[in-house]
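Notes to accompany the following structure.
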Amino acid sequence: MAGYDTAGQIQDTYVSARDEFGEGPAFWIRYFSPSPAADIFSDNAVAESQGAWASGGHYVGPVSAPYQSNLSGSTAQGQADAQTYAASMLSAYYAVVPLLLPSNNRLYCWLDQEYSTSLSLDYLDGWAGYLANYNFAGLGTYPLYPCLYCDPGSPYPNCSTMAEARGLNVPAAVWSSEPEPCGSLKNPPTEGAEHCATVPTRLWQYGEQGACGYSANVDLDVGTPGFFMPSFCFSLRSDP
Amino acid sequence: MRSLQRTAAAAQGGLASRALVVSRREMLAGGIGAGALIALPDLSTPGASPAASAGSGSRYVLLYGTPESRPFPGGSVAAALSPVAKSRRLPAPKSVAAKLAAAPVSSPDQSSVALITVDNVPAGAKVTLTLVDATSAVVEKQGSLTITGIPDGTNILPTPVFAPGTATIAVVLAITEPSDRRLVSKKDPHRGAPVPMHAVTWTSHHALAYFDSRSGSFAGPFHLGNAPALALTTVAANHSDLFLWTTAEPRPGHPGKSRPRRAPLPWLSVFPLGSGRARASVPSPAPWPGGEPVATLANSDVARLVNGRTVQVSSAVTGEVTQVTIDALNVIRAKPSAVTMQSRPDGTVFITKPGIGRAVIADPAEEFRVKAEVSFPVPAVPLGAPSGKAVLSPSGETLYVLGGAKAGGLSAYDVASGALTASYSHGTTYSGLYQLPAGTLLAVSAANPRLTFFSPALSLLGTADTSLQISAVF
């Protein structure tokens, strides 16, 4: 049950990905604001959702890639980035009627920490605390859960920063970018994702376009054993 | 970095607080703010020596990042001697201070650097701007203003911007206030069982302030009354106006969600320098502001680079936005890339998109027609901090770029032909690259020696250790 992440728009990506990998993904992971160098899901949410539906991957997980130096910043910076992220997700939710929260009310919201970016505790506190506190759509269920995409083996602070976090500011999961054994969508690896000491790795990017030579604009991801990624994504009830 | 977390406690002391009252002597001894100040003599000067590093040929570089000591607060300060002989190992920069409220900002001519701190005071929040001469590392001016009438726990995110050709530094303050503290129930992230949680509602608005670098005084704050807004903004300025992109915060509608609702567009407002009243406000195309590169053009229009390929130009007269996509940059990859955009003295702009291995010089006067284009192997870390992966020599003749993912090191390209002219690789993969005003190249690494200096001909000049994980160079 592997899926894709991409900085491009799903409707422009899924056909080439299907041609290359032979089938549709179990889920997509797409960029939401603030991600200053990517195409933003909420800027064209209806067309993106139509693309996801057509691809057969009816689940969309959110990731945000702020200006990377921000992640070394203050609590106010982390809070501001999270505020825009939550608003971007809310805008997509309202723009696409059949786009729903996960039925378990746990939407994993990933923060993109690239290798060579340092994550400060001040920033993480502001970022994670805002998302955990966000009363999404006024539903009163507080369904957003902060999570971190990172390379756990990086010499830059990430695992150690999370180890210092407390309470709701502790990310719910890690999406590990290493190692990258590559492989296909149909037969993803099952074991071997890197992990941190205090936060479990739930998602593994086992194939990256550049390193693995994929022609389609996608990276390949799979949930670690026992974790079913679509259950923690937006879901599409019908074709938008 | 220091942000405002206003509590009943008095303002905290420590190195960061001392930075607010730093003397010129202290400044020369080590510097202020978050990051490291490193002395670099003009290496083109014959006979330059460490002893002369504080002389007329010296220059300081501000490095901004996260100390490697736990719990990883943002920023610290250090100072070190500069390289004078090939392969000489330099003394480690000394950590001096920590916690700024925002990343430092360089003036358009790189002669000054603005640092901002925010402190708790009994009346509210004290915002202090310190202007540092980049050549001598001496404090030029310092001034403060106080934000009053804000509740405990308010966060303030300042964004400074130099107005080119003037003595004004505009500061946009995003003020985010808590309200409606309450006890709610939320599912445990792992087991799914409900657990109690203290929740808060946050509401943001913006205020403007203007720092006069001649007098060291502030005008403002001018509160814009735009709550609820998203705190993130994009800011630019020309010689007469401040350009501010904001977004209204989407608020919950009725829970049924029976009809689609469109996302709000960003809004661009143009404020005469010194004023809190916009002379023009127009809608802007998406995306929302927050981290995209901006540049003030030769004709005083302002440009922002969005989605890594499209330039939106705001008219200096009306603020109205037009946009053009640069075909050479219209290449999509699975992973986003760091992107940069800088105005050049001849009126062109220099844009880098290392994630697709490309840099261009484009002419705004000709709808951003690409005048030069260089392709290079994608570096190992095209998105991670610091954002500098490729730099253009002052003459515009040479492009320096981080080596490809496999080779590492540095490479130089002839801009006119796009041909590789030099490379240096000894197995090290760098994460960032900057060119200092004297022409020296500074490459940033993950592990010590984190600072490696090269001549413009890519000869190794020296290295230095620092305990700072560098996220930006100013």
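Predicted, not measured: the structure shown is a model, and the values here were computed from it. A, B, ... follow the sequence lines: proteins, then strands. Residue 1 opens every chain. Every heavy atom of this structure was used, including side-chain atoms; hydrogens, water molecules and symmetry mates were not.
Only the backbone of A:Leu144 comes within contact range of chain B, with heavy atoms under 4.5 Å apart. Both the backbone and the side chain of A:Leu99 come within contact range of chain B, each with at least one heavy atom under 4.5 Å from a heavy atom of that chain. Only the side chain of A:Glu208 comes within less than 4.5 Å of a heavy atom in chain B; its backbone stays farther off. If you measure heavy-atom distances from B:Thr201 to chain A, you find no contacts under 4.5 Å at all. Neither the backbone nor the side chain of B:Ala174 comes within less than 4.5 Å of any heavy atom of chain A. If you measure heavy-atom distances from B:Arg182 to chain A, the contacts under 4.5 Å come from the side chain alone. The parts of A:Ser88 that come within reach of chain B are both its backbone and its side chain, each placing non-hydrogen atoms under 4.5 angstrom from that chain. Only the side chain of B:Arg309 comes within less than 4.5 Å of a heavy atom in chain A; its backbone stays farther off. Heavy atoms closer than 4.5 Å to chain B are found in both the backbone and the side chain of A:Asp39. For B:Thr234, no part sits under 4.5 Å from any heavy atom of chain A, backbone or side chain. With a threshold of 4.5 angstrom between heavy atoms, A:Gln83 approaches chain B through its backbone and through its side chain. Proximity to chain A involves both the backbone and the side chain of B:Val200, based on heavy atoms less than 4.5 angstrom apart. Using a 4.5 Å cut-off between heavy atoms, A:Asp12 makes no contact with chain B at all. If you measure heavy-atom distances from B:Ala229 to chain A, the contacts under 4.5 Å come from the backbone alone. The contact between A:Thr84 and chain B is made by backbone and side chain atoms together, counting heavy-atom distances below 4.5 Å. Contacts of B:Gln469 with chain A are made by both backbone and side-chain atoms, with heavy-atom separations under 4.5 Å. Within the 4.5 angstrom heavy-atom criterion, only side-chain atoms of A:Pro200, from C-beta onward, approach chain B. Proximity to chain A involves both the backbone and the side chain of B:Ala446, based on heavy atoms less than 4.5 angstrom apart.
Under the salt bridge (charged side-chain N to carboxylate O under 4.0 Å, His left out) criterion, B:Asp188 pairs with B:Arg191, sequence neighbours left out.
Of the possible polar contacts, one joining the A:Gln68 side chain to the A:Pro66 backbone as a donor-acceptor pair under 3.5 Å is found. With hydrogens and angles disregarded, no donor-acceptor distance shorter than 3.5 Å links the side chain of A:Ser42 to the backbone of A:Ala92. A:Gln113 places a side-chain N or O within donor-acceptor distance of the main-chain N or O of A:Pro157, the cut-off being under 3.5 Å. Using modelled atom types, one side-chain atom of B:Trp288 and one backbone atom of B:Pro264 make a donor-acceptor pair closer than 3.5 Å. The closest donor-acceptor contact from the side chain of A:Glu48 to the backbone of A:Ile10 lies under 3.5 Å. Between the side chain of B:Ser204 and the main chain of B:Leu230, no donor-acceptor pair closer than 3.5 Å is present.
Per-residue counts of heavy-atom pairs under 4.5 Å with chain B were compared for A:Phe232, A:Tyr142, A:Tyr67, A:Tyr134; the largest is that of A:Tyr142. With chain A as the partner, the residue from B:Met197, B:Arg262, B:Glu292 showing the most heavy-atom pairs under 4.5 Å is B:Met197. Ranked by heavy-atom pairs under 4.5 Å with chain B, the list A:Val96, A:Asn133, A:Leu124, A:Val218 is led by A:Asn133. Listed options A:Tyr115, A:Tyr214, A:Tyr108 were ranked by heavy-atom pairs under 4.5 angstrom with chain B; first place goes to A:Tyr115. Considering only heavy-atom pairs separated by less than 4.5 Å from chain B, the leading option among A:Thr117, A:Thr6, A:Val97 is A:Val97. By number of non-hydrogen pairs under 4.5 angstrom with chain A, the leading residue of B:Pro287, B:Pro293, B:Ala472 is B:Pro287. Chain B forms the most heavy-atom pairs under 4.5 Å with one residue out of A:Ser35, A:Ala132, A:Gly140, and that residue is A:Ala132. By number of non-hydrogen pairs under 4.5 angstrom with chain A, the leading residue of B:Ala380, B:Pro260, B:Pro382 is B:Pro260. Contact tally against chain B (heavy-atom pairs below 4.5 Å) for A:Ala87, A:Gly138, A:Pro34, A:Ala172: the top residue is A:Ala87.
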May I have the step-by-step check of side chain to side chain donor-acceptor pair (under 3.5 Å) for A:Asp219 and A:Gln209, ending in yes or no? CA-CA 5 Å; A:Asp219 299 328; A:Gln209 182 189 19; over 6 Å; no

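The CD atom of A:Glu114 sits 13.0 Å away from the CG atom of A:Leu119 when rounded to the nearest 0.5 Å. Distance check: A:Tyr4 OH to A:Ile29 CD1 gives 13.0 Å after rounding to the nearest 0.5 Å. Here CG of A:Leu100 is found 11.5 Å from CG of A:Leu107. Values are rounded to the nearest 0.5 Å. A distance of 9.5 Å separates CG in B:Leu63 from OH in B:Tyr434, rounded to the nearest 0.5 Å.
Cation-pi geometry between B:Lys257 and A:Tyr93 is satisfied (NZ or CZ under 6.0 Å from the ring centre, within 45° of the ring normal).
Aromatic pair A:Trp110/A:Tyr149: ring centres not closer than 6.0 Å.
A:Cys196 has its SG atom within less than 2.5 Å of the SG atom of A:Cys159. SG distance check for A:Cys109 and A:Cys147: not under 2.5 Å.
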